[in-house]
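We name chains A, B, ... by the order of the sequence lines, and we start the count at 1 in each one.
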Protein chains: 2
Amino acid sequence: MLDWEDLHSFLAVARAGTLSGAARTLGIRQSTMGRRLAAFEARAGVLLLQKTPRGYVLTPAGEAALAEAETMETAALAAERAITGQDTRLAGEVRLTTIETLAAEVLMPIIAQFSADYPGILVKLICSQRTLSLAAREADLAVRMARPLGGDLVIRKLGDIGYGHYASPAYIAQHGLPTQGGAGHKVILMEDDSPNFPEYVVMAQYFSHAEVGLRSDSRYVQLKACMAGLGVACLAHYLAAPQGLVRLPGCDAKREVWLAQHRDTRETPRFKALSAALVNGMKAQSALLTG
Amino acid sequence: MLDWEDLHSFLAVARAGTLSGAARTLGIRQSTMGRRLAAFEARAGVLLLQKTPRGYVLTPAGEAALAEAETMETAALAAERAITGQDTRLAGEVRLTTIETLAAEVLMPIIAQFSADYPGILVKLICSQRTLSLAAREADLAVRMARPLGGDLVIRKLGDIGYGHYASPAYIAQHGLPTQGGAGHKVILMEDDSPNFPEYVVMAQYFSHAEVGLRSDSRYVQLKACMAGLGVACLAHYLAAPQGLVRLPGCDAKREVWLAQHRDTRETPRFKALSAALVNGMKAQSALLTG
DNA sequence: GGCCTCCTATGCGTAAACGCATAATGACTG
DNA sequence: CAGTCATTATGCGTTTACGCATAGGAGGCC
C-alpha cells in the first residue's frame with residue numbers, strides 16, 4: 001500500500017507545478033518535497049511528473065494517478081469538516097476571513113468583546129485579497145461583501161454597507177464641489193479598472209471626465225490619500241465619516257454583507273457563538289454602516 | 001490540512017478494532033500506531049475512537065470521518081492500480097496467489113521456466129487459504145479454482161482439474177475396493193464439512209456410511225495420510241497419480257481453473273507475460289490435470 | 001486459580017526524515 | 001548583458017518518529 005501522504009505530496013506538486021510551490025501549500029520545505037516525490041516515484045516504479053524548464057508536468061501515468069488523488073483530497077477535506085463539525089467544545093480556534101478595512105474598523109470591536117466572553121476561543125482574523133475557500137477549510141467563517149454563491153454553504157445577511165464619494169475639506173476648498181462628469185477633478189481608484197464593484201461602477205459614471213489622482217488596491221492608502229487631498233475617493237461610510245472627510249453627491253451605492261460557513265460545521269458550538277456575536281454586533285452598528 | 005497518512009492509520013484502527021491488528025495491516029508496530037492515533041486525535045481535537053474492553057469503537061465523530069476515509073481508500077487503491085497499470089517495464093514484482101498444491105505441483109515448473117525467460121521479473125507466489133483481493137492489490141494475479149465473480153476483473157480459463165477417490169495399495173489389500181455407501185471404509189476429510197467443494201459433495205454421497213479416518217485442511221497432509229493407509233482421500237489427479245495411489249470408482253468431479261487480474265492492470269507488460277506463460281503452461285499439462 | 005494469549009503503555013537507542021543554509025541553474029527585466 | 005528573482009540540488013546538524021523490548025493488564029480455558 002502506498003503512503004497516503006506521498007499521494008498528497010504528489011497532488012500538491014501536480015497542482016503547483018513546482019516543488020517550492022507545493023511545499024508552501026503543505027507547510028513543508030522544498031527540499032523535503034523533492035525527497036518525498038523522489039521516494040514516491042521510486043516506490044511506484046514509474047515517472048509521474050516530468051521535469052521541464054517550466055516546472056513539473058504530468059506524464060500519462062501521472063494523469064491517471066492525479067484523478068484518484070483529487071478524489072482523495074475531496075474526501076480528506078470532507079473528513080476534516082466532519083471532524084470539526086463534531087467538535088463540541090466551546091474552545092479552540094476559529095478562522096474568520098474578510099477584507100481588511102471591515103475587519104479592522106467594524107469587526108474588531110465585536111471580536112474584542114467576543115474574545116472577552118469566550119476566553120477559550122482563539123479568533124484568527126485572516127484578511128485576504130483572494131476569496132478563501134470554506135470547502136477547502138482555508139477558513140471557518142467568511143464575511144463577504146456579496147451574497148455568497150454555491151454549494152454547501154450556510155449564509156446569513158449581516159447588513160448593508162453604504163458608500164459615498166469623499167474628499168478632504170482642503171481639497172474641496174481648492175477644487176470646489178464636483179458635478180456630473182467630474183471635470184477638473186481627480187479621483188482615487190483601484191489599480192485595475194477591472195473589478196466591477198458596484199461603488200466603482202457608480203463612480204466611473206459620475207466622474208467620467210475626471211483625471212486619476214492615484215491608484216491603489218489598499219483602501220487605507222486610498223483613505224489616507226483622500227485625507228491628504230489627492231482627490232475624490234469612493235469609500236465606505238464607516239471608513240470615511242470618522243475621519244472628517246466631506247461627503248460629496250453622486251453616490252448612494254450599497255453592498256450587502258453576508259456571513260458564510262460550510263454546512264458541515266454549522267453545528268459546531270464555537271462557530272455558532274462567533275456567528276451570533278457577528279450578527280448582533282453588525283446589527284448594533286447598522287446606522288454607522290449604512291451612513 | 002490533516003496528514004493523509006494519519007487518516008489511513010485511523011481507518012486501519014477503525015477496521016481492525018485494535019492497535020496491534022491495525023499496525024499489522026499497515027506493516028508498522030503497535031507502538032507507532034498508538035502514537036499516530038494519539039497525535040491524530042490531538043490535532044483533530046475530538047475523540048474519534050473510544051477505547052473499550054473489546055477494543056476501539058467509533059465515536060459519532062469517528063463514524064462521520066470513517067465514511068470519508070473509506071472513500072479515500074478506494075481512491076488510493078485505484079491510484080495504485082493506475083500507476084501499476086502504467087508501468088511498462090518488463091521487470092519488477094508480480095504477486096501470484098493460488099492454493100498450495102496447485103502452486104507447488106503444477107505452477108512451479110511453469111514459473112521456473114518463466115523466471116529463466118524473464119530474469120528481471122520476480123514472481124511472488126502467495127499461497128493463502130483466504131481468497132486475496134485483487135482490487136485491494138493484495139495480489140496482481142490469481143489462479144482460482146472456480147470462475148471468479150464480480151466487478152473489475154479480467155478472467156481467462158486455464159483448464160480443468162479432475163478429482164478422484166484414491167487409496168494406497170496396502171489399504172486396498174486390507175479393506176478391498178469400496179462400493180456405493182463405503183461401508184467398512186475410512187475417509188479422509190477437511191476439518192469442517194462446511195466447504196462444499198464439488199469433489200467433497202460427490203465423496204460425501206458415495207461414502208455416506210464410511211467412518212472418518214482423519215481430518216485436515218492441508219491437502220498434503222491428506223495425501224500423506226492416504227499414502228500411509230489411513231483411508232480413502234479425495235484428491236486431484238495431479239497430486240495423487242504420481243504417488244502410485246490407486247484410483248477408486250465413484251468420483252469424476254471436475255473443477256475449473258481460472259486466471260484473474262484487475263482490469264486496471266491488464267495492459268501491464270510483466271503481468272501479461274506471466275499470464276501468457278500460465279495459459280500456455282497449463283494447456284501443456286492438461287492431460288495430467290484432467291486425469 | 002493458574003496459565004496462556006492478546007492487548008496497550010512506555011522507556012530507550014537508533015535511523016530516517018526534516019529544516020536550514022548554500023550553491024547552482026535558469027528565466028525574466030530593464 | 002547584468003541583475004534580480006524564482007527555482008532545484010545537496011551537505012550538515014538536529015529533531016522527530018520509529019522499532020524494539022519490556023512491563024502491566026484483560027479475557028479465555030483447562
Side-chain angles (χ1 to χ4, degrees), chain A residues 1-59 61-62 66 69 76 129-130 191-192 215 217, chain B residues 1-59 61-62 66 69 76 129-130 191-192 215 217:
Chain A
M1 170 79 69
L2 294 170
D3 185 304
W4 287 14
E5 191 59 15
D6 280 350
L7 278 160
H8 196 180
S9 299
F10 158 74
L11 174 64
V13 176
R15 283 253 179 75
T18 67
L19 297 180
S20 310
R24 271 191 297 275
T25 66
L26 262 61
I28 58 176
R29 302 293 140 195
Q30 157 265 134
S31 50
T32 300
M33 185 58 79
R35 285 186 277 242
R36 276 201 197 168
L37 186 65
F40 181 51
E41 292 192 332
R43 249 175 294 195
V46 198
L47 190 69
L48 298 169
L49 289 159
Q50 185 96 36
K51 196 177 351 177
T52 73
R54 299 215 186 293
Y56 285 85
V57 175
L58 285 163
T59 64
L66 177 64
Q129 297 285 81
R130 189 169 65 86
E191 288 181 22
D192 296 322
R215 283 187 181 273
D217 277 352
Chain B
M1 171 80 68
L2 294 171
D3 186 304
W4 286 14
E5 190 60 15
D6 280 350
L7 277 160
H8 195 182
S9 300
F10 159 74
L11 174 63
V13 176
R15 283 253 179 74
T18 67
L19 296 180
S20 309
R24 271 192 296 276
T25 66
L26 261 62
I28 57 175
R29 303 293 139 193
Q30 158 267 134
S31 50
T32 300
M33 185 59 78
R35 286 186 276 241
R36 276 199 197 170
L37 186 64
F40 181 52
E41 292 192 331
R43 249 175 295 194
V46 197
L47 191 69
L48 297 169
L49 290 158
Q50 187 94 35
K51 194 174 358 178
T52 73
R54 298 213 188 293
Y56 285 86
V57 175
L58 285 163
T59 64
L66 177 64
Q129 298 284 79
R130 188 169 68 84
E191 287 181 24
D192 297 322
R215 282 187 181 274
D217 277 352

Are A:L19 and A:K51 close enough, and set up right, to give a side-chain contact (heavy atoms from CB on, under 4.5 Å), and what steps lead you there? CA-CA 10 Å; A:L19 297 180; A:K51 196 177 351 177; over 6 Å; no
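- If you measure from atom CE of A:M33 to atom P of C:dC20, you get 15 Å, rounded to the nearest angstrom.
- B:T18 has no side-chain polar atom (N or O) that falls below the 4.0 Å cut-off from OP1 or OP2 of C:dC6.
- B:R24 has its CZ atom 13 Å from the C1' atom of C:dT8, to the nearest Å.
- A:D3 has its CG atom 10 Å from the P atom of D:dC18, to the nearest Å.
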Check step by step if side-chain contact (heavy atoms from CB on, under 4.5 Å) holds for B:V57 and B:L49. CA-CA 5 Å; B:V57 175; B:L49 290 158; over 6 Å; no
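- Rounded to whole Å, the distance from CD on A:E5 to C1' on D:dC18 is 17 Å.
- Distance CG (B:L37) to P (D:dA17): 15 Å, rounded to an integer number of Å.
- Separating the CG atom of B:D6 from the C1' atom of D:dC18 is a distance of 14 Å, rounded to the nearest angstrom.
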side-chain contact (heavy atoms from CB on, under 4.5 Å) between A:M1 and B:L26, intermediate numbers included: CA-CA 8 Å; A:M1 170 79 69; B:L26 261 62; over 6 Å; no
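- For the pair B:I28 CD1 and C:dA15 P, the interatomic distance rounds to 20 Å; values are reported in whole Å.
- The phosphate of D:dC18 (OP1 or OP2) has a side-chain N or O of B:R36 nearer than 4.0 angstrom.
- Phosphate contact (OP1/OP2 of D:dC20, side-chain N/O of B:R29, threshold under 4.0 Å): present.
- When the side-chain nitrogen and oxygen atoms of B:K51 are compared with OP1 and OP2 of C:dA9, one or more of them lie within a distance under 4.0 Å.
- For A:S31, the listed nucleotide lying nearest its side chain is D:dT10; candidates were D:dT10, D:dC20, C:dA9.
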One pair to check against side-chain contact (heavy atoms from CB on, under 4.5 Å): B:R36 and B:E5. What are the steps and the verdict? CA-CA 9 Å; B:R36 276 199 197 170; B:E5 190 60 15; 3.6 Å; yes
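- Residue A:T32 has a polar side-chain atom (N or O) positioned under 4.0 Å from OP1 or OP2 of C:dG19.
- DNA chain D is contacted by both A:G55 and B:Q30; A:G55 maps to the nucleotide lying nearer its 5′ end (nearest heavy atom per residue).
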Show the numbers, then the answer: is there a salt bridge (charged side-chain N to carboxylate O under 4.0 Å, His left out) between A:R43 and A:D3? CA-CA 10 Å; A:R43 249 175 294 195; A:D3 185 304; 5.4 Å; no
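- Scanning all heavy atoms of the two residues, the minimum distance from B:W4 to A:A69 falls at CH2-O, 3.8 Å.
- Which of C:dG11, C:dA9, D:dG11 sits closest to the side chain of A:R35 comes down to D:dG11.
- Rounded to whole Å, atom C1' of C:dA16 lies 12 Å from atom CZ of A:R43.
- Axis deviation across the helix from C:dG1-D:dC30 to C:dG30-D:dC1 amounts to 30°, comparing end segments of five pairs, rounded to 10 degrees.
- Scanning all heavy atoms of the two residues, the minimum distance from B:E41 to B:L48 falls at OE2-N, 2.9 Å.
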